[in-house]
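Remember, it's 1-based here, ligands and their atoms both numbered in the order they're listed.
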Amino acid sequence: MKVLYAASEALPFAASGGLADVAGSLPQALKRRRVDCRVVMPLYGTIRNEFRDTMKFITSIMVPVSWRRQYCGVFEAKAGGVTYYLIDNEYYFKRNTLYGHYDDGERYAFFSRAVLEILPHIDFKPDIIHCNDWQTSLVPVYYTTNYGSREGYTGIKTIVTIHNIQYQGKYGKDILGDVFGLGEETMSLVEFGDCVNLMKGAIECANKVTTVSNTYAEEILDPWFSHGLDPILKARSYKLSGILNGIDTKNYDPETDKDIFFNYSAKEPENKAKNKAALQELFGLPVKEETPVIGIVSRLVSHKGFDLIKRVMWEVLETTDVQLAVLGSGDWEYESFFKEIAAAFPEKVGLRLGFVPDMARKIYAGSDIFLMPSKSEPCGLSQMVALRYGSVPIVRETGGLKDTITDSGDGKGNGFTFKSYDAYDMLDAIRRALAAYSDKKKWATLVKRALKCDNSWGKSAKEYIALYESLISE
Ligand code: GLC
């Protein structure tokens, strides 16, 4: 079985969020199960030379972007045993950031066209092209409208995975012909809410639509979560399903992780305490074993639940013996809130604004509790990484958080959860976690249970393979 996995970012080459983790680890898991899965992504200017030096030039072609003909170099690289095709065009991709440019629509129209145009030149005819988010949503649209009946292209099936429905790729209608090169007759496929909506186009055209957890697959049928697309998804619900992400358990392994202070495992968790002391020191907090450390590693944006944290954290810090270790960057509102509490409670709040991957790992390893009260969370990877490092998650029951964390109140769960998007419900979960922490024996059992959770890709890879097989045999 041959699968071409198209993504706008993938580890180890380029990352801005969770998609890169998935695109960097699911293909490996598929490969281990004898699926010939290869990744195609843009060759961004930000990709480091150490990677560039290993890339092999394959060919160059011209790719149509409506009336334009654009240069498209194709490079090949290997990572984790997987073949990557990197699409080169410096005009589109030699920029300081991955997204947020005035011409993103044109950049990813080019990339999506390139995904299809390169096929005859790379000696790889996929059975499935697996697309991700709005950036590659034009692939199923182009396949349906342009390529499906062409020689060398027939019989390919397309899938789109929605990692976050908030980002849909919405453009003015005048862009349809001039940039996307689509005729008026295709308007009904891509038009939504008086815009051209690329994700809507993919939902219409792809053979299957998946999201990254079962709960999110249900949630996005509801307007509270769908950012407008619920009527379309409801109409196409027969092709919609959820498959939970896994994490790369080799990459995230407290037993071998070189970025943490001391290695440990579920069998020998003792060194976790040493990581905690080192973390407290790193963040300039008093080194106290009995004080619970709550870790937060996140983009500081509203949908991660920071409004709840803003509402009650002063109260928590004023009344409780607790420490926070916070790493992230994002909206001014939340950055300044954390600066305020760090200034007001220097002995309790350690803060680093920015994204520092090795520091994230030190927080997973050194914290007792991991707080992730998202308003919505398609899957969420941090809570699974936190479990892997024995930091007990407090989460809101939404999306993948609901599917991976169960409340330990029943004596079996692996964390603390709350339902409503309500600051005092979250506070209650925090209080229950802190109460559990004060019972040393009980807490050690809970940490062990967290460390033993298996969120590796095995199960999910099997589900993707079953989905691919069902499509191929159609
Ligand atoms: C997006 C989602 C996140 C998910 C990730 C990978 O970043 O917001 O919940 O874990 O994609 O699928």
Side-chain angles (χ1 to χ4, degrees), residues 5-11 14-30 39 41 98-100 130-137 159-169 199 202 208-220 224-227 229 240-249 251-252 296-306 328-331 355 357 360 364 370-388 393 395-405 421 455-457 459-461 463-464 467:
Y5 197 86
S8 56
E9 53 181 270
L11 284 171
S16 82
L19 168 59
D21 287 82
V22 175
S25 50
L26 170 60
Q28 287 184 33
L30 293 168
V39 178
M41 66 179 285
L98 304 193
Y99 318 124
H130 188 153
C131 305
N132 294 277
D133 283 347
W134 73 265
Q135 291 92 338
T136 44
S137 281
I159 297 182
V160 64
T161 294
I162 300 172
H163 293 262
N164 192 333
I165 204 162
Q166 188 176 351
Y167 309 106
Q168 299 174 1
M199 189 172 271
K208 291 276 177 199
V209 178
T210 71
T211 72
V212 288
S213 69
N214 272 316
T215 296
Y216 195 61
E218 284 164 26
E219 284 174 344
I220 56 177
W224 203 80
F225 289 95
S226 74
H227 292 268
L229 282 179
L240 175 66
S241 63
I243 299 179
L244 193 67
N245 289 331
I247 54 166
D248 182 342
T249 47
N251 178 14
Y252 293 114
I296 295 176
V297 177
S298 178
R299 276 184 299 127
L300 304 179
V301 294
S302 158
H303 88 258
K304 295 288 177 182
F306 286 102
S329 64
D331 293 349
F355 190 70
Y364 291 122
F370 191 81
L371 182 58
M372 194 169 175
S374 306
K375 194 173 192 175
S376 81
E377 195 62 74
C379 176
L381 302 170
S382 309
Q383 82 279 13
M384 295 193 256
V385 178
L387 285 174
R388 180 90 176 126
V395 304
R396 192 172 94 79
E397 292 171 26
T398 183
L401 295 176
K402 185 171 175 196
D403 295 351
T404 52
I405 308 298
Y421 191 65
N455 287 300
S456 57
W457 272 104
K459 187 165 168 277
S460 317
E463 287 179 46
Y464 277 112
L467 185 74

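At a threshold of 4.5 Å between non-hydrogen side-chain atoms, the residues Leu244 and Asn214 do not count as touching. Between Met372 and Val297 the shortest side-chain heavy-atom distance does not fall below 4.5 Å.
Residue-level contacts of ligand 1 at the 4.0 Å heavy-atom threshold are Gly18, Leu19, Val22, His163, Asn164, Val212, Asn245, Glu377, Pro378, Cys379, Gly380, Leu381.
Remark: the Thr210 side chain and the Ser241 side chain contain no N/O donor-acceptor pair separated by less than 3.5 Å. Counted by atom type alone, Tyr99 and Glu9 present one or more donor-acceptor pairs between their side chains at under 3.5 Å.
Between Ala14 and Ala20, the shortest heavy-atom contact is O-CB, 3.6 Å.
A 6.0 Å sphere centred on NZ of Lys402 holds no more than 12 heavy atoms belonging to other residues, nucleotides or ligands.
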